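Structure first, commentary second.
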Amino acid sequence: MTDRSLVVLVTGGSSGLGLVIAKTFLDAGFRVVIAGRDSSRLDAAKASLAHDSYVATACCDVTEKQGADKAIQTAISHFSRLDVLVNCVGTSDRGLVENLTLERLDELIRQNVHTALLCSVAAIPFLEIEGGAIVNIGSLASKVGARYLGGYVAAKHALAGLTQQMRLELKPRGIHVGLVNPGPIRRDDAGSRYQSHVQHDPNVPAAAAKPGGGTTIKGLPPETVAAAVLRCARDRRPDMVLPRYLRLLIAVGHISPRLGDWLLLKFTSSKG
Ligand SMILES: NC(=O)c1ccc[n+]([C@@H]2O[C@H](COP(=O)([O-])OP(=O)(O)OC[C@H]3O[C@@H](n4cnc5c(N)ncnc54)[C@H](OP(=O)(O)O)[C@@H]3O)[C@@H](O)[C@H]2O)c1
């Protein structure tokens, strides 16, 4: 795939996992659009990528229909087609559900679910032409609960349901819809970004600010997750869990919720 015929749009592609996904698709021969709200961050991300003449940026907020439409239109106006949409925008949370406000839950659903819905709906006509794919970025929190992740689990479970529903509806139209569910991902600011969420709550341990709420699951390299996103689009994989062994834990929890809860608490939660 060196003729650069294919085009991917990565929402949230200006930093974190999204930027690594953009790089992975670029290296695989795609032309790439990255979408984010901050234009200087987008410019810096574009400059950090090799082959940046094959990269376009869309400065927009994809929680709004207008922003989602702009992201898709950027792909069409720059590259005249769209083959893959990666819905990577998402926000996590820390805290106990008893302290979760409706405003915070709304915000988590806007960031994790509305973004994927709005971008996908805007992309469908173009993906249908190419027989393309949508990859939504879920989380282990799309599959199971976890201590101290607040409303994130509810929002990512909603995204998982939306993904399967879209896959069933869009399959006859030739569009694949997949979900990639990574565990905690290694990053430079791990541990600091959620500190303010946990420091005022005596019932939440400081370790909850760490990736995955302080879970004992080892952090994944973002490149591993990005490679899975590429496989999900190319091989039309419906649902991927990283690390793979955790699919067993998820399956056990479906068959026996009591045993699933026990295993989750024993093997994935920090004693914090
Ligand atoms: N980090 C982990 O350990 C982990 C684990 C499992 C799953 N995930 C999932 O992976 C995805 C990426 O996570 P991350 O931690 O890499 O994210 P991140 O570092 O917070 O990056 C978020 C990106 O999205 C952009 N963005 C945020 N809100 C936006 C909006 N409304 N419209 C357009 N762009 C927006 C940001 O740029 P601007 O701020 O400039 O808009 C930034 O480029 C999320 O869906 C997350 O739930 C993460």
Side-chain angles (χ1 to χ4, degrees), residues 9-24 33-46 48-49 57-72 74 85-94 107-119 122 135-144 146 149-160 162-163 179-194 209-215 217-226 228-229 232 240-243 246 268:
L9 164 64
V10 184
T11 74
S14 60
S15 71
L17 175 63
L19 180 55
V20 181
I21 293 172
K23 182 179 183 315
T24 299
V33 181
I34 52 175
R37 295 165 299 185
D38 184 302
S39 59
S40 47
R41 191 174 299 151
L42 281 166
D43 290 345
K46 179 175 171 172
S48 77
L49 294 167
T57 60
C59 188
C60 52
D61 180 346
V62 295
T63 59
E64 309 282 348
K65 181 179 181 311
Q66 210 182 6
D69 290 348
K70 180 176 173 182
I72 305 301
T74 302
L85 165 65
V86 180
N87 287 308
C88 189
V89 168
T91 303
S92 189
D93 196 29
R94 292 296 185 274
E107 176 58 16
L108 290 163
I109 289 179
R110 262 198 305 278
Q111 281 285 113
N112 290 286
V113 185
H114 291 195
T115 52
L117 178 62
L118 289 172
C119 290
V135 182
N136 292 333
I137 306 302
S139 161
L140 288 182
S142 301
K143 300 287 182 186
V144 291
L149 288 196
Y152 185 59
V153 171
K156 285 296 193 191
H157 270 65
L159 179 65
L162 179 74
T163 304
L179 186 68
V180 173
N181 302 282
I185 300 168
R186 283 183 214 154
R187 51 184 303 137
D188 294 341
D189 63 354
S192 60
R193 56 179 6 207
Y194 296 108
K210 292 185 184 161
T215 174
I217 298 168
K218 210 169 150 213
L220 293 157
E223 293 76 14
T224 302
V225 181
V229 173
C232 182
M240 301 173 77
V241 172
L242 304 163
L246 285 172
T268 69

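All of these numbers come straight from a predicted model, not from anything done at the bench. All ligand and atom numbering here is 1-based and tracks the order in the structure.
Put simply, no part of R110 is less than 4.0 Å from ligand 1, judged by heavy atoms. Within the 4.0 Å heavy-atom cutoff, T115 does not count among the residues contacting ligand 1. Judged by the shortest distance from any of its heavy atoms, G183 lies inside the 4.0 Å radius around the atoms of ligand 1. Using 4.0 Å as the threshold, T63 has a heavy atom nearer than that to some atom of ligand 1. Within the structure, the closest approach of C88 to ligand 1 falls below 4.0 Å when heavy atoms are considered.
L85 pairs in a side chain to side chain contact (heavy atoms under 4.5 Å, CB included) with only one of the listed residues (V135, N136, V33, T11), which is T11. Of the listed residues (T63, V10, T115, D61), just one forms a side chain to side chain contact (heavy atoms under 4.5 Å, CB included) with V89, and that residue is T115.
With respect to atom 38 (P) of ligand 1, the closest heavy atom belonging to the protein is R41 NH1, 3.2 Å. Nearest to atom 30 (C) of ligand 1 among the protein's heavy atoms is R37 CD, 3.5 Å. Looking from atom 35 (C) of ligand 1 to the surrounding protein, the closest heavy atom is V89 CG2, 3.5 Å. Residue, atom and distance of the protein heavy atom nearest to atom 25 (C) of ligand 1 are G12 CA, 3.6 Å. In terms of protein heavy-atom proximity, atom 22 (C) of ligand 1 is nearest to S15 OG, 4.3 Å. Annotation: atom 47 (O) of ligand 1 to nearest protein heavy atom, Y152 OH, 2.5 Å. Considering only non-hydrogen protein atoms, atom 28 (N) of ligand 1 sits nearest to Q111 NE2, 3.1 Å. The closest protein non-hydrogen atom to atom 6 (C) of ligand 1 is P182 O, 3.3 Å.
Counting atoms of ligand 1 from 1 in the listed order, those under 4.0 Å from a heavy atom of C60 are 32 (N), 33 (C). Contact atoms of ligand 1 toward R187: 1 (N), 14 (P), 15 (O), 16 (O), 19 (O) (distance under 4.0 Å to a heavy atom of the residue). Close approach of ligand 1 to G138 is summarised as follows: ligand atoms under 4.0 Å from at least one heavy atom of the residue are 7 (C), 9 (C). Below 4.0 Å from some heavy atom of D61 lie the following atoms of ligand 1, by number and element: 30 (C), 31 (N), 32 (N). Within ligand 1, counting atoms from 1 as listed, the ones closer than 4.0 Å to a heavy atom of I185 are 2 (C), 3 (O), 4 (C), 5 (C), 48 (C). Taking every non-hydrogen atom of S14 and a distance limit under 4.0 Å, the qualifying atoms of ligand 1 come out as 37 (O), 42 (C), 43 (O). Near L17, meaning under 4.0 Å from one of its heavy atoms, ligand 1 places the atoms 10 (O), 16 (O). Listed by atom number, the atoms of ligand 1 under 4.0 Å from G16 heavy atoms are 16 (O), 19 (O).
When only interatomic distances are considered, the shortest N/O to N/O separation between G36 and ligand 1 does not fall below 3.5 Å. The distance criterion of under 3.5 Å between nitrogen or oxygen atoms is met by D38 with respect to ligand 1. In terms of N/O distances under 3.5 Å, ligand 1 is not approached by G13. Considering both main-chain and side-chain atoms, T91 never comes within under 3.5 Å of ligand 1 through any nitrogen or oxygen pair. Inclusion of G18 in the set of residues having an N or O under 3.5 Å from an N or O of ligand 1 is not warranted.
When side chains are defined from C-beta on, E107 does not count as touching T91, because their heavy atoms never get closer than 4.5 Å. Within the 4.5 Å cutoff, the side chain of N181 has heavy atoms near those of the S142 side chain. In this structure, S48 and K46 have side chains that are not in contact, with every pair of non-hydrogen atoms separated by 4.5 Å or more.
Between the side chain of K70 and the backbone N or O of C59 there is at least one donor-acceptor pair closer than 3.5 Å.
Applying the 6.0 Å contact sphere to NZ of K156 captures more than 12 heavy atoms from other residues, nucleotides or ligands.
Counting protein heavy atoms under 4.0 angstrom from atom 15 (O) of ligand 1 gives one or more.
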